[in-house]
Amino acid sequence: LVLNANYTYFDSEAKYPEVYTIVDEDWTSPTFLQTTYIDTFFVSKLMNQANHILNLTLGWDYKAFSIRGSMKYTDGMFNKNHARPGLREYADKLFTYDVSITQGVPKYNVSLFCNLTNLNRSKEIILNSGTGYPTMVSYGGIGIALGARYRFKKTK
């Protein structure tokens, strides 16, 4: 019987420069968009970092057979920064479930495997921190990987 649990809590702080885009009144000009960096910064979390990550795995091994079921949970991933806190974006909590099955055939030094990912077809939702409304919803599909592995015998 196999049991694995891993929890991580992240707390970070980064300084980001304030950036503004100035639109020229002459839209025919090739430089009608100009980026201006202001000599100041704002403080927020590191980009693409979740507040919480939890991994759980439950499995069973018997002779040359192995099966594992796993769950991954992430919460509070910082996706888009902005000088105004109401325009920042965070990912909503996300659960994904996976299964991995391996069957060994020791007589031939071969292992057959099947990995199934995202069994719950989770959806990633990006939320605006000011309104709480979604700015993007992305649906993931189920992934399947089938294969075989051959182990060469060690020679002395």
Side-chain angles (χ1 to χ4, degrees), residues 1-23 33-106 109-151:
L1 189 61
V2 177
L3 176 63
N4 180 42
N6 176 338
Y7 171 76
T8 304
Y9 171 75
F10 289 105
D11 186 21
S12 63
E13 186 176 283
K15 294 180 180 179
Y16 297 98
E18 291 198 36
V19 179
Y20 294 95
T21 302
I22 298 173
V23 178
L33 288 177
Q34 297 177 354
T35 301
T36 303
Y37 293 90
I38 309 300
D39 189 18
T40 187
F41 60 88
F42 64 95
V43 177
S44 190
K45 288 183 54 145
L46 283 173
M47 295 290 294
N48 299 318
Q49 185 179 73
N51 289 333
H52 307 277
I53 298 175
L54 174 65
N55 294 297
L56 296 175
T57 303
L58 182 61
W60 180 61
D61 294 339
Y62 182 73
K63 296 185 181 180
F65 177 78
S66 175
I67 186 167
R68 303 271 191 281
S70 62
M71 183 276 299
K72 180 180 179 185
Y73 166 79
T74 58
D75 186 21
M77 174 112 36
F78 184 47
N79 283 45
K80 181 181 177 185
N81 66 13
H82 198 280
R84 290 190 276 174
L87 296 177
R88 296 177 187 164
E89 294 180 357
Y90 294 85
D92 198 10
K93 61 184 171 231
L94 179 66
F95 288 91
T96 56
Y97 299 96
D98 306 327
V99 172
S100 176
I101 303 168
T102 305
Q103 176 64 59
V105 186
N109 298 327
V110 172
S111 294
L112 306 173
F113 66 86
C114 175
N115 296 327
L116 305 169
T117 57
N118 198 20
L119 291 173
N120 59 324
R121 299 190 54 187
S122 63
K123 60 181 175 180
E124 181 180 5
I125 302 172
I126 307 298
L127 302 171
N128 175 278
S129 62
T131 64
Y133 292 120
T135 59
M136 185 198 72
V137 177
S138 169
Y139 293 87
I142 296 173
I144 300 173
L146 300 171
R149 179 175 63 183
Y150 177 78
R151 290 187 184 242

Q | Spacing of Ile126 atom CD1 and Ser129 atom OG [to the nearest 0.5 Å] | A | 12.0 Å

(Q) Nearest 0.5 Å, please: how far is CZ in Phe42 from CZ in Arg88? (A) 5.5 Å

**Q.** Pairs where residues 47-66 contributes a residue and the test salt bridge (Lys or Arg N to Asp or Glu O under 4.0 Å) is met, not counting sequence neighbours
**A.** Asp61-Arg68

**Q.** Pairs meeting criterion salt bridge (Lys or Arg N to Asp or Glu O under 4.0 Å) with involvement of residues 45-60, two or more places apart
**A.** none

Q.
Taking salt bridge (Lys or Arg N to Asp or Glu O under 4.0 Å) as the cut-off, I'd like each qualifying pair that reaches into residues 125-147, sequence neighbours left out, listed once.
A. none

(Q) Can you tell me how far apart CZ (Phe78) and CE (Met47) are? Round to the nearest 0.5 Å. (A) 5.5 Å

Listed pairs under 3.5 Å, donor-acceptor, residues 90-101 side chains, sequence neighbours left out:
from: Asp98; atom 1: OD1; to: Asn118; atom 2: N; distance (Å): 2.8
from: Ser100; atom 1: OG; to: Asn115; atom 2: OD1; distance (Å): 2.8

Q | ring pair (Phe, Tyr, Trp, His ring centres under 6.0 Å) partners of Tyr150, counting only residues at least two apart | A | Phe152

Q: Give the C-alpha distance, both sets of side-chain angles, the deciding distance and a yes or no for side-chain contact (heavy atoms from CB on, under 4.5 Å) between Trp60 and Ile67.
A: CA-CA 6 Å; Trp60 180 61; Ile67 186 167; 4.1 Å; yes

Less than 3.5 Å apart, which donor and acceptor atoms pair up between the side chains of residues 69-76 and the rest of the protein, not counting sequence neighbours?
from: Tyr73; atom 1: OH; to: Asp75; atom 2: OD2; distance (Å): 3.2

Q | Set of side-chain hydrogen bond (donor to acceptor under 3.5 Å, both in side chains) partners for Ser138, sequence neighbours left out | A | none

**Q.** Shortest non-hydrogen contact from Asn79 toward Glu124
**A.** ND2-OE2, 4.2 Å

Q.
List the residues meeting side chain to side chain contact (heavy atoms under 4.5 Å, CB included) with Lys80, not counting sequence neighbours, and say none if there are none.
A. Glu89

Q: For Tyr9, enumerate each residue passing the ring pair (Phe, Tyr, Trp, His ring centres under 6.0 Å) test, keeping only those at least two apart in sequence or located in another chain.
A: His52

(Q) Holding to side chain to side chain contact (heavy atoms under 4.5 Å, CB included), I want the full list of residues that pass it with Leu1, two or more places apart in sequence or in another chain. (A) Leu58

Q: To the nearest 0.5 Å, tell me how far Phe65 CZ sits from Thr102 OG1.
A: 8.5 Å

Q | Any residue meeting side chain to side chain contact (heavy atoms under 4.5 Å, CB included) with Val43, in chain and number order, not counting sequence neighbours | A | Glu13, Lys15, Phe41

Q.
For Lys123 versus Val137, what's the shortest heavy-atom pair and its separation?
A. CD-CG1, 4.2 Å

(Q) Can you tell me how far apart CG (Asn6) and CG (Leu54) are? Round to the nearest 0.5 Å. (A) 8.0 Å

Q. So does Tyr7 have more than 12 non-hydrogen atoms from other groups sitting under 6.0 Å from OH?
A. yes

Q. Could you state the interatomic distance from CG (Leu87) to OG1 (Thr131), rounded to the nearest 0.5 Å?
A. 9.5 Å

Q. Side chain to side chain contact (heavy atoms under 4.5 Å, CB included) with Arg121: which residues, sequence neighbours excluded?
A. Ile142

